[in-house]
Amino acid sequence: MAIDYSKLLKDLNIKANLEKNNKTVEINPVNTIKSTSSSLEEGLKNIDEQYSVDKQFENVVLPKSSGVQKLEYQPLTDGEIENLAKNSLAEYYNKSTKAIMEETQNQKNDLSDYKKQLYDALAQKESVIQDTYSQAKSSAAAEALKRGLARSSIALSQAAAFDQEQAQQIAQVRNSYIEQAAEIDYKIAELETKKQSALNDLDITYAAKLAIEIDELKKERSDKIEEVQKYNNELAKYEAEYNINRQKAEQDLTLGQYEILKNKTTGLSEIEKELNTHKQEKKFEYILDYLNSMSKKEALKLAETNDVIKNSLDTYYYRKLLNAIEARS
């Protein structure tokens, strides 16, 4: 079947008015580029660029990478996790230990103060007992002296009885003190035992809390490792798909577009021939408009001597240009 090159060219967006950088560019800059041969050359070069088959590839966009970086994660070692857990429980352990020690010491101080108070009370009671019996003995001796019995066996026996009673009362007071002091000492010793038991219980509780904290930190580590691996696996999958798509796009661009075009038509040369016809026509119109701003003599001289003009047109369009200038009045 014959190829409709006009339709093909239309499909390829190769028209008189083409898009450049997503903006319509009209190849008719007669009123803006008239000053020098270099500006003429620039205009002609622009036409060459616009009527190139490569123009259809200007907006080819290759698949873009996400630009996302692979996650890097350095997990804590078991030793680092243990130290971290210990640090997190250090305040709890230190405060609890201090509370046990202070409570025990406060109770010990209270008992020691009470024991001292008992001793002071004992000394006071002994002093009272001694004073009481000393006065009783003095009174009995004075009475015996009045009767003339100061050195009698009765007076001596009575004095001995007072001494014995005094000794008995002092002994009773001291025994009572000793019993209470012993009970206090026992309670102080018991406090020490309770303190050690409380510290042992604290160690057990601390060890349990430490084990839980370590397990939680290890779980966090495992979850983070899994999360990072999952993310990186997804990223790797995406990058693999991206590489495949980009490679395919690059292959289509570098190998495929012209080949595909050739396979779908009778050949690229026919398209280039059609393009060249349009290009020569546009160059002819552009140069003629450029020269129309000059006098006939100046325009003819420039057309015959300017290499840019002569090299831009083929024989047919060059002769057509000269004839058009000659036809001017």
Side-chain angles (χ1 to χ4, degrees), residues 61-124 174 176-250:
V61 179
L62 294 175
K64 292 184 178 180
S65 172
S66 66
V68 179
Q69 297 297 319
K70 181 179 180 181
L71 287 181
E72 297 293 339
Y73 172 63
Q74 183 62 44
L76 297 176
T77 65
D78 288 350
E80 289 171 335
I81 284 178
E82 183 176 350
N83 289 334
L84 185 61
K86 286 180 177 179
N87 290 336
S88 68
L89 293 173
E91 184 177 3
Y92 154 77
Y93 184 79
N94 292 335
K95 283 187 175 180
S96 298
T97 301
K98 183 179 179 181
I100 291 172
M101 300 293 288
E102 287 181 349
E103 178 63 20
T104 300
Q105 190 59 47
N106 289 338
Q107 293 186 44
K108 281 184 176 182
N109 291 339
D110 290 343
L111 289 172
S112 296
D113 289 343
Y114 182 56
K115 184 178 178 181
K116 185 177 182 302
Q117 291 172 10
L118 288 176
Y119 180 80
D120 292 341
L122 169 64
Q124 187 176 7
R174 287 181 176 178
S176 176
Y177 166 78
I178 290 171
E179 289 177 0
Q180 293 182 71
E183 185 177 354
I184 290 173
D185 289 340
Y186 173 79
K187 288 181 178 181
I188 291 175
E190 189 178 34
L191 283 175
E192 189 65 29
T193 301
K194 288 181 179 179
K195 179 191 76 174
Q196 192 58 51
S197 177
L199 290 175
N200 292 340
D201 290 342
L202 174 62
D203 287 341
I204 293 172
T205 303
Y206 169 77
K209 287 181 177 291
L210 181 62
I212 292 173
E213 186 71 14
I214 288 174
D215 287 343
E216 289 180 352
L217 289 173
K218 286 184 177 180
K219 185 177 184 304
E220 287 181 11
R221 178 180 65 182
S222 298
D223 291 345
K224 185 65 176 179
I225 290 174
E226 183 178 352
E227 178 185 346
V228 170
Q229 288 177 341
K230 182 178 179 181
Y231 176 88
N232 287 339
N233 288 340
E234 289 295 325
L235 181 61
K237 180 180 177 182
Y238 173 85
E239 291 296 337
E241 292 176 355
Y242 158 75
N243 289 332
I244 292 173
N245 291 336
R246 184 176 181 88
Q247 185 178 17
K248 183 177 181 300
E250 288 176 346

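Note that the numbering runs from 1 along the sequence shown for the chain. Note that the structure is a prediction, hence the values are computed from the model and not measured.
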Next on the checklist: Just so I know, are the side chains of Leu71 and Glu227 near enough to count as touching, which here means a heavy-atom distance under 4.5 Å?
Outcome noted: no

Checklist entry - Roughly how far, to the nearest 0.5 Å, is the CG atom of Leu210 from the NZ atom of Lys86? => result 6.5 Å

Next on the checklist: Check this for me: Lys108, atom NZ, are more than 12 non-hydrogen atoms of other residues, nucleotides or ligands nearer than 6.0 Å?
Outcome noted: yes

Next on the checklist: For a 4.5 angstrom cut-off between non-hydrogen side-chain atoms, does Leu84 reach Glu213?
Outcome noted: no

Checklist entry - Side chains of Lys194 and Thr104: does their closest heavy-atom pair fall under 4.5 Å? => result no

Item to check | Between CG on residue Leu118 and OG on residue Ser176, distance to nearest 0.5 Å | outcome: 8.0 Å

Checklist entry - For the residue pair Asp78 and Lys218, what are the closest heavy atoms and their distance? => result OD1-CE, 3.7 Å

Checklist entry - Which pair of non-hydrogen atoms, one from Pro75 and one from Glu80, has the smallest distance, and what is that distance? => result O-OE1, 4.5 Å

Item to check | Stepwise salt bridge (charged side-chain N to carboxylate O under 4.0 Å, His left out) test for Lys224 and Glu220 | outcome: CA-CA 6 Å; Lys224 185 65 176 179; Glu220 287 181 11; over 6 Å; no

Checklist entry - Which heavy atom of Lys209 sits nearest a heavy atom of Leu89, and at what distance? => result C-CD1, 3.7 Å

Next on the checklist: Does atom OH (Tyr119) have a neighbourhood of more than 12 heavy atoms from anything else shown, all under 6.0 Å?
Outcome noted: no

Next on the checklist: Counting only heavy atoms not in Lys187 (residues, nucleotides, ligands), do more than 12 fall under 6.0 Å from its NZ?
Outcome noted: no

Checklist entry - Any sub-3.5 Å donor-acceptor pair from Thr97's side-chain atoms to Asn94's backbone N or O? => result no

Item to check | pair Tyr92-Leu202: side-chain heavy atoms closer than 4.5 Å | outcome: yes

Item to check | Value rounded to 0.5 Å, distance of OH in Tyr238 from CD in Glu241 | outcome: 9.0 Å

Item to check | Approximate separation, where rounding is to 0.5 Å, of Leu111 CG and Leu191 CG | outcome: 6.0 Å

Checklist entry - Do Gln105 and Asn109 have side-chain atoms, one donor and one acceptor, less than 3.5 Å apart? => result yes

Next on the checklist: Could you check whether any side-chain heavy atom of Leu199 comes within less than 4.5 Å of a side-chain heavy atom of Met101, counting everything from C-beta outward?
Outcome noted: yes

Next on the checklist: Quick check for you: to the nearest 0.5 Å, what is the distance between Glu216 atom CD and Ile81 atom CD1?
Outcome noted: 12.0 Å

Item to check | Over all atoms of both residues, closest heavy-atom pair of Asn232 and Lys70 | outcome: OD1-CG, 3.2 Å

Item to check | Within-4.5 Å side-chain heavy-atom neighbours: Gln229 and Ile225 | outcome: yes

Checklist entry - With a 3.5 Å cut-off and no angle check, do the side chains of Glu103 and Gln107 form a donor-acceptor pair? => result yes

Checklist entry - Step by step, would you call Lys237 with Glu234 a salt bridge (charged side-chain N to carboxylate O under 4.0 Å, His left out)? => result CA-CA 5 Å; Lys237 180 180 177 182; Glu234 289 295 325; 5.1 Å; no

Checklist entry - Does a side-chain heavy-atom distance below 4.5 Å link Gln180 with Tyr114? => result yes

Checklist entry - What is the distance from atom CD1 of Ile188 to atom CD of Glu183, rounded to the nearest 0.5 Å? => result 11.5 Å

Item to check | Asp223/Lys219 salt bridge by N-O under 4.0 Å criterion | outcome: yes

Checklist entry - Are more than 12 heavy atoms from other residues, nucleotides or ligands located less than 6.0 Å from atom OH of Tyr231? => result yes

